[in-house]
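Here's the structure we're looking at; comments come further down.
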Amino acid sequence: MNRLFIILFLSIVITSCKDEKKSSPEVVENIERSATDSLIFPDEKHFKSLKQITFGGDNAEAYWSFDDKQLVFQSNNPNWNVNCDQMFLMNADDTFEDKMPPMISTGKGRTTCAYFLPDNKHIVYASTHLGDEECPDAPLKKDGKYIWPIYDSYDIFVADLEGNITAQLTNEPGYDAEATVSPQGDKIVFTSTRNGDLDLYTMNIDGSDVKQITFELGYDGGAFFSPDGTKLIFRSSRPKTDEEIAEYKSLLKEGLVQPTEMELYICNADGSDLRQLTNLGNANWSPFFLPDGERVIFSSNFEAERGFPFNLYIIGIDGKGLERVTHSDTFDAFPVFSNDGKKLMFSSNRHNGGTRDTNLFVAEWQD
C-alpha cells in the first residue's frame with residue numbers, strides 16, 4: 001500500500017469517524033495501527049509500529065538527544081530552501097509532511113554528521129562553510145565506479161539549538177568529520193585525514209586531548225561508542241592487494257573514496273583489541289550498538305547480487321547470531337536507537353512513491 005493511498009484512506013475513514021459520533025477510541029486506534037502496519041514489510045518482527053517522519057529529499061543520520069526528547073538530522077529537501085545537506089532539529093514526536101523543521105546549521109557550505117552533546121542544548125557537526133559558502137560539488141561516479149567525496153574543508157563545530165556556532169573543535173588541514181559522542185558524555189570520536197589517511201581519532205568534548213586510535217591503511221569511519229562507552233564499532237574499507245592500495249591512494253589524493261567494499265570492525269575506545277567483526281562481502285556499514293551492548297545493528301547489501309538492496313541486520317559482538325531485521329527491496333540504513341532502547345530511527349526508500357527520496361522512519365522496537 002503506497003503512502004498516497006494510506007492518506008486518502010485515512011482521510012475518508014477519519015472523516016466518517018467524525019461524522020459518526022458513536023465511533024469509539026478503539027476504532028480510531030485500530031485505524032492508526034492499520035496505517036502504521038502498512039509501512040512494515042512481512043517478517044519485520046522487531047517493529048511493533050513504524051511511522052514515517054519526512055516526505056521528500058534525502059534525509060539521514062538522525063541522532064537522539066541524551067534525554068530522547070529531540071533529534072538532529074541532515075536533509076537536502078529542496079522544499080526546505082537548501083541546495084545541499086544542512087542540519088535540522090525535530091522533537092521526538094514530530095512529522096514533516098506539511099511543515100518544515102527549524103534549520104540549526106548555518107545554511108552555508110555542506111554539513112554532515114550532527115550529534116547532540118550531553119547538555120541537550122548543543123550539537124556537534126561538520127561543515128565546509130569556512131572553505132566556501134557555496135555547496136561543494138558532489139561527484140558520485142569515477143570511471144564508472146561509485147565514489148564518496150572527502151572534502152578537506154570539513155571541520156567540526158559546536159552549535160546551540162538556535163544555530164549559533166559557539167566553538168570550533170578542529171582546525172587541522174584536511175578532512176575532519178563524522179563526529180559522534182560517547183553515551184557517557186566525555187568523549188567524541190571522529191574521522192580525519194590529518195595524518196594522510198582516513199583514521200579514527202578521539203577527543204574530549206571540548207576538543208582537547210586528541211588521540212589517533214586506528215593506524216592501518218584504509219577508510220575508517222562512521223564510528224559509534226557502545227552504551228557504556230568502552231567500545232567502538234565502525235566500518236572500514238581496507239585495501240589489501242597492490243592494485244587496491246594504489247587505487248585507494250590515488251582516489252584519496254583527489255579527495256575521493258570508493259565505499260563498495262566495507263566490513264565492520266570493533267575495538268576498545270582507546271583503539272586496543274581491534275578486530276574485524278564481519279566478513280560478509282560487499283558493503284557493510286552504518287553500525288550502531290543495541291541497548292544491551294552485546295549486539296550491533298547495521299546496513300548491508302551482502303545478499304544482493306547487483307549491489308542492491310540494502311537491509312538492516314543484527315550481529316553479536318562475538319561475530320555470531322547474524323539476523324536480518326528489514327525486508328525491503330530498496331534501501332534501509334542509518335539505524336540509531338534511542339537512549340532508552342525503545343525506538344529505532346532509520347532512513348529508507350520505502351513508500352517514496354517510486355521516487356529517489358530517502359526518508360526518516362521511527363519504529364517501536366521489540367526484541
Side-chain angles (χ1 to χ4, degrees), residues 61 63-67 72 87 104-106 111-131 150-161 164-236 238 252 264-275 277 287-289 293 296 317 336 339:
E61 299 200 62
Y63 299 119
W64 301 82
S65 59
F66 276 63
D67 60 9
V72 60
M87 294 302 164
I104 56 172
S105 53
T106 63
T111 67
T112 191
C113 305
Y115 216 88
F116 269 92
L117 289 175
D119 65 1
N120 298 311
K121 297 178 180 180
H122 294 83
I123 60 168
V124 293
Y125 70 96
S127 176
T128 65
H129 71 272
L130 291 185
I150 302 296
Y151 302 115
D152 60 9
S153 52
Y154 266 133
D155 273 305
I156 299 172
F157 300 87
V158 177
D160 62 26
L161 300 189
N164 303 302
I165 290 178
T166 60
Q168 181 175 344
L169 298 185
T170 64
N171 55 18
E172 295 284 330
Y175 177 85
D176 290 312
E178 304 176 39
T180 66
V181 183
S182 169
Q184 301 303 304
D186 58 340
K187 291 288 184 180
I188 293 172
V189 63
F190 65 103
T191 294
S192 178
T193 57
R194 62 186 62 195
N195 71 342
D197 191 22
L198 283 156
D199 286 304
L200 295 182
Y201 293 75
T202 60
M203 60 182 167
N204 295 333
I205 59 172
D206 63 359
S208 63
D209 193 27
V210 177
K211 295 180 179 178
Q212 183 177 346
I213 62 168
T214 62
F215 299 87
E216 294 184 30
L217 184 70
Y219 183 7
D220 299 335
F224 293 90
F225 288 92
S226 59
D228 63 5
T230 63
K231 294 181 177 63
L232 287 167
I233 185 72
F234 63 98
R235 47 108 177 125
S236 182
R238 295 189 169 181
L252 190 57
L264 303 186
Y265 287 75
I266 191 169
C267 63
N268 292 333
D270 62 1
S272 62
D273 293 332
L274 175 67
R275 57 186 171 86
L277 181 60
F288 199 87
F289 278 95
V296 173
I317 61 173
V336 181
N339 293 281

- Query: Looking at the rings of Tyr63 and Phe224, which for Trp means the six-membered one, are their centres under 6.0 Å apart?
  - Reply: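 Yes, ring centres under 6.0 Å apart.
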- Item | Pair Phe157 and His129, ring centroids less than 6.0 Å apart |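 Yes, they do, as the ring centres are separated by less than 6.0 Å.
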Compare all side-chain heavy atoms of [X] with those of [Y] and state whether any distance is below 4.5 angstrom.
| X | Y | answer |
| --- | --- | --- |
| Cys267 | Arg275 | no |
| Gln168 | Asp155 | yes |
| Tyr154 | Thr193 | no |
| Phe288 | Val296 | no |

Charged N-O contact under 4.0 Å between [X] and [Y]:
| X | Y | value |
| --- | --- | --- |
| Lys121 | Asp160 | no |
| Asp220 | Arg238 | yes |
| Asp209 | Lys187 | yes |

Between [X] and [Y], what is the shortest heavy-atom contact and its length?
| X | Y | value |
| --- | --- | --- |
| Ile156 | Ala177 | CD1-N, 4.0 Å |
| Tyr219 | Tyr175 | OH-OH, 3.8 Å |
| Tyr125 | Ser105 | OH-CA, 3.6 Å |
| Thr170 | Phe190 | CG2-CE1, 4.3 Å |

- Message: Using the rule given for side-chain contact (heavy atoms from CB on, under 4.5 Å), can you reason through Asp199 versus Thr191, listing the C-alpha separation, both sets of side-chain angles and the distance that settles it, and then say yes or no?
- Response: CA-CA 6 Å; Asp199 286 304; Thr191 294; over 6 Å; no
- Using a cut-off of 6.0 Å, state whether more than 12 heavy atoms not belonging to Glu216 lie near its atom CD.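 Counting other residues, nucleotides and ligands, CD of Glu216 stays at 12 neighbours or fewer.
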- Message: As an exercise, state the distance from CD1 of Ile188 to CG of Leu169, rounded to the nearest 0.5 Å.
- Response: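 Those atoms lie 5.5 Å apart.
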- Task: Calculate, to the nearest 0.5 Å, the distance between atoms OG and CG belonging to Ser65 and Leu117 respectively.
- Result: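 If we round to the nearest 0.5 Å, Ser65:OG and Leu117:CG are 11.5 Å apart.
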